[in-house]
Amino acid sequence: MDINWLRDFTCLARTLNFTRASEERNITQSAFSRRIKSLENWLGMPLIKRSTYPVQLTEAGQQFLPVAQEAIASLTDIRQVLRAQEQGVTAFQRFAVLHTISVNYLTRRIAEFEDLIPNLRVRVYSDNLRTCCQLLSDGTCDFLLYYRHQDVQPVFEEKQFARKDIGVELMYPVAESGAARAGGWDLDGDGRQPIPYLSYDPSSFLGTVVDQTIGNRTPPLAIRYMDALTEAIKRRVLSGSGMAWLPESVIAEELAAGRVTIIGGPDWQAPLTLSLFCSRDRLDETGQKVWNAL
């Protein structure tokens with residue numbers, strides 16, 4: 001038995017798609033399929049109905065899924081506890097978090113309450129949304145921090161975890177001030193001149209949020225650049241390369257200094273809720289303090 005087989009299975013049970021699951025697990029589809037088959041051979045029965053689309057769990061697969069999830073969580077927990085005891089230190093508090101939130105929120109907040117929680121040790125896994133959700137679901141992380149939006153469906157079973165909404169911030173359509181003035185960039189303008197557009201990858205969470213915000217409207221946008229990383233898009237904005245939607249925490253200093261300007265009215269803005277998730281019954285004493293502090 002390999003714990004990765006269990007992680008592969010829980011990922012496939014969530015996505016119901018071999019291609020997507022293998023991408024999330026960062027292995028080839030053929031290798032992923034072999035590992036699922038190895039787990040089925042170990043159990044002595046099929047877990048997946050491969051003849052349907054999307055694939056479905058067999059009855060045995062449905063029965064085995066909660067067992068696999070609990071086994072992953074228990075093994076991960078005890079490994080962390082034993083390693084911490086061996087080293088004589090407090091266990092790491094493990095966060096799965098989007099890159100943007102890690103850079104612009106989490107590092108600052110940890111610094112603020114380090115003095116309040118003696119011997120605090122934090123490990124951060126910065127990744128895309130689906131991977132972060134999987135890390136919490138399979139027990140690799142204690143906490144998940146991510147944005148939620150009213151028009152975007154969650155990508156994991158939120159009801160299985162405790163949730164705390166930390167705050168709401170807006171995504172603004174912004175551009176470097178000089179470039180915006182020179183180009184006359186305005187989402188509410190006459191639309192005669194196209195605005196160079198720095199876009200998120202359409203499969204990313206923020207890309208979906210922006211798509212929902214634009215809706216059926218046809219603003220004069222001409223895509224010039226696409227990236228999944230907010231920080232990369234921000235750099236392009238600051239260089240005057242075009243406009244983009246950016247969370248206010250990412251550009252607060254630049255807005256205050258006048259380096260960037262908002263180029264659309266309130267109906268072009270998108271609210272994001274910063275939410276914290278965890279399994280509270282699995283947190284140690286330090287983890288409970290972190291939950292209360294955030």
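Values below: every heavy atom of this structure, side chains too, minus hydrogens, waters and symmetry copies.
Salt bridge present: Glu254 and Lys234 bring a charged side-chain N and a carboxylate O closer than 4.0 Å. For the pair Arg130 and Glu23, the salt-bridge criterion is not met [side-chain N within less than 4.0 Å of a carboxylate O]. Classification of Arg148 and Glu158 as a salt-bridged pair holds, one side-chain N sitting under 4.0 Å from a carboxylate O. With salt bridges taken as basic N to acidic carboxylate O contacts below 4.0 Å, one links Arg108 and Glu112.
Judged by distance alone, the side chain of Ser204 and the main-chain N or O of Tyr200 form no donor-acceptor pair under 3.5 Å. Proximity of a side-chain donor or acceptor of Asn292 to a complementary backbone N or O of Gln288 within less than 3.5 Å is detected. Between the Lys164 side chain and the Leu294 main chain, a donor and an acceptor come within less than 3.5 Å of each other. With hydrogens and angles disregarded, no donor-acceptor distance shorter than 3.5 Å links the side chain of Asp127 to the backbone of Cys132. Judged by distance alone, with hydrogens and angles left aside, the side-chain atoms of Thr213 form a donor-acceptor pair with the main-chain N or O of Val209 at under 3.5 Å. In terms of modelled atom types and a separation under 3.5 Å, the side chain of Glu176 and the main chain of Ala179 share a donor-acceptor contact.
Nearest heavy atoms, Trp5 versus Ser38: CZ2-CB, 3.6 Å. Pairing each heavy atom of Thr261 with each of Ser177, the nearest pair is N-OG, 3.6 Å. In plain terms, the two heavy atoms of Arg7 and Thr10 that are nearest each other are O-OG1, 3.0 Å. The minimum heavy-atom distance linking Leu170 with Glu248 is given by the pair N-OE2, 2.6 Å. Taking all atoms of both residues into account, the shortest heavy-atom contact from Ala293 to Arg109 is O-NH2, 2.8 Å. When all heavy atoms of Phe161 and Cys278 are compared, the pair lying nearest together is CB-O, 3.4 Å.
Within a 6.0 Å sphere centred on CD of Glu59, heavy atoms belonging to other residues, nucleotides or ligands number 12 at most. Counting heavy-atom neighbours within 6.0 Å of Asn41 CG, excluding the residue itself, gives a total above 12. Enclosure of atom CZ in Arg282 by more than 12 non-hydrogen atoms of other residues, nucleotides or ligands within 6.0 angstrom is indicated.
There is a side-chain donor-acceptor pair under 3.5 Å between Asp188 and Trp268. Side-chain contact check for Asn128 and Thr131: at least one donor-acceptor pair (N or O, by modelled atom type) lies under 3.5 Å. Gln29 and Thr19 form a side-chain donor-acceptor contact under 3.5 Å, judged by distance and modelled atom types alone. No side-chain N or O of Gln93 forms a donor-acceptor pair with one of Arg121 less than 3.5 Å apart. No side-chain donor-acceptor contact under 3.5 Å links Asn17 and Thr15. Side-chain N/O atoms of Ser30 and Thr28 include a donor and acceptor closer than 3.5 Å. Side chains of Ser275 and Asp165: a donor-acceptor N/O pair is present below 3.5 angstrom, by distance only.
A cation-pi geometry, defined here as NZ or CZ lying under 6.0 Å from the six-membered ring centre and within 45° of its normal, holds between Arg236 and Tyr225.
Close placement of the Phe9 and Phe64 rings is indicated, their centers lying within 6.0 Å of each other. In this structure, Phe277 has its ring center closer than 6.0 angstrom to the ring center of Tyr146.
Its side chain within the 4.5 Å cluster rule, Leu135 clusters with Tyr125 among the Ile, Leu, Val, Met, Phe, Trp and Tyr residues.
Considering only residues two or more places apart in sequence or on other chains, Glu40 meets the salt bridge (charged side-chain N to carboxylate O under 4.0 Å, His left out) condition with Arg50.
Partner Leu238 forms a side chain to side chain contact (heavy atoms under 4.5 Å, CB included) with one of Val260, Ile251, Val174 and no other, that one being Val260.
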